[in-house]
Amino acid sequence: QVQLVESGGGLVQPGGSLRLSCAASGSILGINAVGWYRQAPGKQRELVAAITSTGSTTYPNSVKGRFTISRDNAKNAVYLQMNSLKPEDTAVYYCNAGPTYWSVVRADFTSWGQGTQVTVSS
């Protein structure tokens, strides 16, 4: 019954930074992993960061070293810090959560939020 709301997107120049927030409400029982995803026009949705309940993180090579996922348990929030942004990072960014790391990797979810638009352009 968890609800997730993304925020923090916007327009940024190449090389700039943004921090996205994923705020959770409702029951988080059974949630053990959270992922950030993005979908560009005409492209499939892809995982860009994941974090587990134990604090382990994973990133694809396309964002490794530039993006950092973190969590704030007191605020029931997960963040995505994006640095050194490139035009190819332009997409709608979503967060979602599941009971296992694998469920997050597979993006095996029945619903998605509205996401937040990130546009990297000069």
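No experiment lies behind these values; they were computed from the predicted model shown.
- Among all heavy-atom pairs drawn from Trp36 and Ser21, the shortest one is CH2-O, 3.5 Å.
- Scanning all heavy atoms of the two residues, the minimum distance from Ala97 to Ile31 falls at CB-CG2, 3.5 Å.
- Annotation: side chain of Gln117 is not in contact with side chain of Leu11 (no heavy-atom distance under 4.5 Å).
- With a 4.5 Å cut-off on side-chain heavy atoms, Val104 and Tyr37 count as touching.
- Here the straight-line distance linking atom CZ of Arg106 with atom CG of Leu47 works out to 13.0 Å at 0.5 Å rounding.
- Leu80 and Tyr101 fall into different hydrophobic clusters, where Ile, Leu, Val, Met, Phe, Trp and Tyr side chains are chained together by heavy-atom contacts under 4.5 Å.
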Next item on the list: Run the numbers on Gln3 and Ser111 for side-chain contact (heavy atoms from CB on, under 4.5 Å), then give the verdict.
Entry: CA-CA 10 Å; Gln3 290 84 49; Ser111 65; over 6 Å; no
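- Minimum heavy-atom separation, Ala49 to Pro60: N-CD, 4.5 Å.
- Nearest approach of Val92 to Gly115, heavy atoms of both residues: CG1-CA, 3.9 Å.
- Here the side chains of Tyr94 and Leu20 are not in contact, with every heavy-atom distance at 4.5 Å or above.
- Residues Leu85 and Tyr59 fall within the same hydrophobic cluster, defined by Ile, Leu, Val, Met, Phe, Trp and Tyr side chains chained together at heavy-atom separations under 4.5 Å.
- Counting only distance, with no hydrogens or angles, the side chain of Tyr93 and the backbone of Gly8 share no donor-acceptor pair below 3.5 Å.
- Placement of Val63 and Val120 within a single hydrophobic cluster is found when ILVMFWY residues are connected by side-chain heavy-atom separations under 4.5 Å, directly or transitively.
- Remark: of the listed residues Glu88, Glu6, Glu46, Glu46 is the sole one forming a salt bridge (Lys or Arg N to Asp or Glu O under 4.0 Å) with Arg38.
- In this structure, Ile28 places its CD1 atom where only 12 or fewer heavy-atom neighbours from other residues, nucleotides or ligands lie under 6.0 Å away.
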Note to self: Please evaluate residues Thr119 and Ser121 with respect to the criterion side chain to side chain donor-acceptor pair (under 3.5 Å), reporting the C-alpha separation (whole Å), side-chain torsions for both, the decisive distance (0.1 Å), and the verdict.
What the structure shows: CA-CA 6 Å; Thr119 302; Ser121 177; over 6 Å; no
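- Linking Ile, Leu, Val, Met, Phe, Trp and Tyr whenever their side-chain heavy atoms come within less than 4.5 Å leaves Val105 and Phe67 in two separate clusters.
- Distance alone, capped at 3.5 Å, places no donor-acceptor pair between the Thr57 side chain and the Ile51 backbone.
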Next item on the list: Determine, stepwise, if the pair Asp108 / Trp102 fulfils side-chain contact (heavy atoms from CB on, under 4.5 Å).
Entry: CA-CA 9 Å; Asp108 189 18; Trp102 183 232; over 6 Å; no
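- Annotation for Thr90 and Ala40: closest pair O-CB, 3.6 Å, computed over non-hydrogen atoms.
- Counting all heavy atoms, side chain and backbone alike, Gly16 lies closest to Val12 at CA-CG2, 3.7 Å.
- Note on Ile69: it does not cluster hydrophobically with Tyr79, by side-chain heavy-atom contacts below 4.5 Å among ILVMFWY residues.
- In this structure a side-chain-to-backbone donor-acceptor pair under 3.5 Å is missing from Asp89 to Pro14.
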